[in-house]
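Chain letters run A, B, ... following the sequence lines, proteins first, then strands; residues in each count from 1. Predicted model only: the values in this text are computed from it and were never measured.
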2 protein chains.
Amino acid sequence: MKRSGADAKLVDRIAGDCIAVRVRLINRVISAVYDEALRPLGIRISQANLLVAVARMGEARPVDLCKVLRIEKSTLSRDVEVMKGNGWLESDPPVGGRNQVLRVTPAGRDLLARSRPAWEAAQAEASRLIGAPGVDALKEIAGRLGLGTPAG
Amino acid sequence: MKRSGADAKLVDRIAGDCIAVRVRLINRVISAVYDEALRPLGIRISQANLLVAVARMGEARPVDLCKVLRIEKSTLSRDVEVMKGNGWLESDPPVGGRNQVLRVTPAGRDLLARSRPAWEAAQAEASRLIGAPGVDALKEIAGRLGLGTPAG
DNA sequence: ATGACTAAGTTGTATATGCGACTTCGGCCG
DNA sequence: CGGCCGAAGTCGCATATACAACTTAGTCAT
């Protein structure tokens, strides 16, 4: 069962053009850069993102975070659980009731402040890897996809 | 504990500039587009990517796949396990020896062929969401990050 | 040839991610 | 006021992802 002509064409087309292949690879490589830089601090870039989003909102309702970050509610629920366990987030009321709001704890704020140098280093490395035009393009794309637009 | 000036600046800087935030959001949104389109076929875009990569190589050694896809060896090991279970990949020898090679099964090839329309639809939708210049930029970035370059 | 070293793969553990099903509040309608 | 409905959250399940530790199989030097 060798690659017949039609198969090869399809395979080459997907491998050569697929947007998802590229987006996913970029995600792995870039996330690794930030994770590596942040590792000494015990936080991952996914968690730092969430921490920043909550900090930005002051008091964040889970459903709003989901809209802003384009994350599924069940995913957010579990991410928050881990971060509460780490002492970086707290909710009011503590139990997963209905109109709970999330807040960054003092420990969370402290961690964020201490993370700055590592974040800056990762950001510089990512910029170098991607190139300035690429960075601009990513910002443009993320904006198109609704970054920061609660109303999806 | 309200947002003091310094905190707000740091938070705004990260939220406003962080490359990882954007890359990860793009990844979630775009992967969802492909996953949704492929769902009726019972395959995910991550798996389709792997299937295509193996098909392209003909006979693929895991370690080479890891280099090409920039995936950790343990991740690949488990992804392959699932895909063997689904009958899309086979290895020779079957047990996880040393110089095993992976091959796409006839069922895997058939699935790939049947997936084409869904993939094309997802590709079109992703292009629309991202915009033509953005698509070009993503290709350029992925190339810079070594897409298709076995030697990392 | 044999022992040391190294590279390749697997397994344990943890997090990230999403779908589907379920639960439980809140608000609205009569 | 009481019941219904829909939205918000949680939980079960499956996969994707990576690090650390371990296993094993080639390789290489003597």
Where do A:Asp64 and A:Arg61 land on the salt bridge (charged side-chain N to carboxylate O under 4.0 Å, His left out) test, with the steps shown first? CA-CA 5 Å; A:Asp64 291 332; A:Arg61 283 164 52 222; 3.2 Å; yes
Can you pull out every salt bridge (Lys or Arg N to Asp or Glu O under 4.0 Å) where at least one residue sits in residues 18-39 of chain A? Sequence neighbours excluded, please. none
Inter- and intrachain pairs under side-chain hydrogen bond (donor to acceptor under 3.5 Å, both in side chains), touching residues 138-148 of chain A, at least two apart: A:Lys139-B:Asp17
Rounded to whole Å, the CD-P distance (A:Gln100 to D:dA8) equals 12 Å
For A:Ile141 and B:Leu138: C-alpha separation, side-chain torsions, deciding distance, then whether side chain to side chain contact (heavy atoms under 4.5 Å, CB included) applies. CA-CA 10 Å; A:Ile141 295 167; B:Leu138 289 174; 4.0 Å; yes
Do any N or O atoms from the side chain of A:Ser77 and from the backbone of A:Lys73 form a donor-acceptor pair under 3.5 angstrom? no
Rounded to whole Å, how long is the line connecting atom CD1 of B:Ile30 with atom P of C:dT17? 15 Å
If hydrophobic clusters are built from ILVMFWY residues whose side chains come within less than 4.5 Å, do A:Leu41 and A:Val54 share one? yes
Could you list by number each residue of residues 71-82 of chain A showing a heavy-atom separation from DNA chain D of less than 4.0 Å, or answer none if no residue does? A:Lys73, A:Ser74, A:Ser77, A:Arg78
How close or far is atom P of D:dA18 from atom CG of B:Leu65, stated in whole angstroms? 14 Å
Tell me which residues in residues 15-29 of chain A put a heavy atom below 4.0 Å from DNA chain D, sorted by number, or none. A:Arg24, A:Arg28
How many whole angstroms separate atom CG of B:Leu102 from atom C1' of C:dA8? 13 Å
Which is it for B:Gln123 and B:Tyr34 under the side chain to side chain donor-acceptor pair (under 3.5 Å) test, yes or no, and what are the steps along the way? CA-CA 8 Å; B:Gln123 179 82 353; B:Tyr34 287 79; 2.5 Å; yes
To the nearest Å, how far apart are B:Asn49 CG and D:dA16 C1'? 12 Å
Atom-pair distance (CG on A:Asp64; P on D:dA8), nearest Å: 9 Å
Contacts of B:Met83 and A:Val63 projected onto DNA chain D by closest heavy atom; the upstream (5') one is A:Val63
Contacts of A:Ala137 that satisfy side-chain contact (heavy atoms from CB on, under 4.5 Å) - sequence neighbours left out: B:Ala137
Heavy atoms within less than 4.0 Å of DNA chain C: which residues of residues 34-48 of chain A have one? Give them sorted by number. A:Arg44, A:Ser46, A:Gln47
Heavy-atom distance under 4.5 Å between the side chains of A:Leu51 and A:Ile43, does that happen here? yes
Ignoring hydrogens and geometry, is there a side-chain-to-backbone donor-acceptor pair from A:Arg13 to A:Ala8 under 3.5 Å? no
I'd like to know whether A:Glu81 forms a salt bridge (charged side-chain N to carboxylate O under 4.0 Å, His left out) with A:Arg78, so could you lay out the CA-CA distance, the side-chain angles of the two residues, the decisive distance to 0.1 Å, and finally the verdict. CA-CA 5 Å; A:Glu81 188 180 14; A:Arg78 285 172 235 253; over 6 Å; no
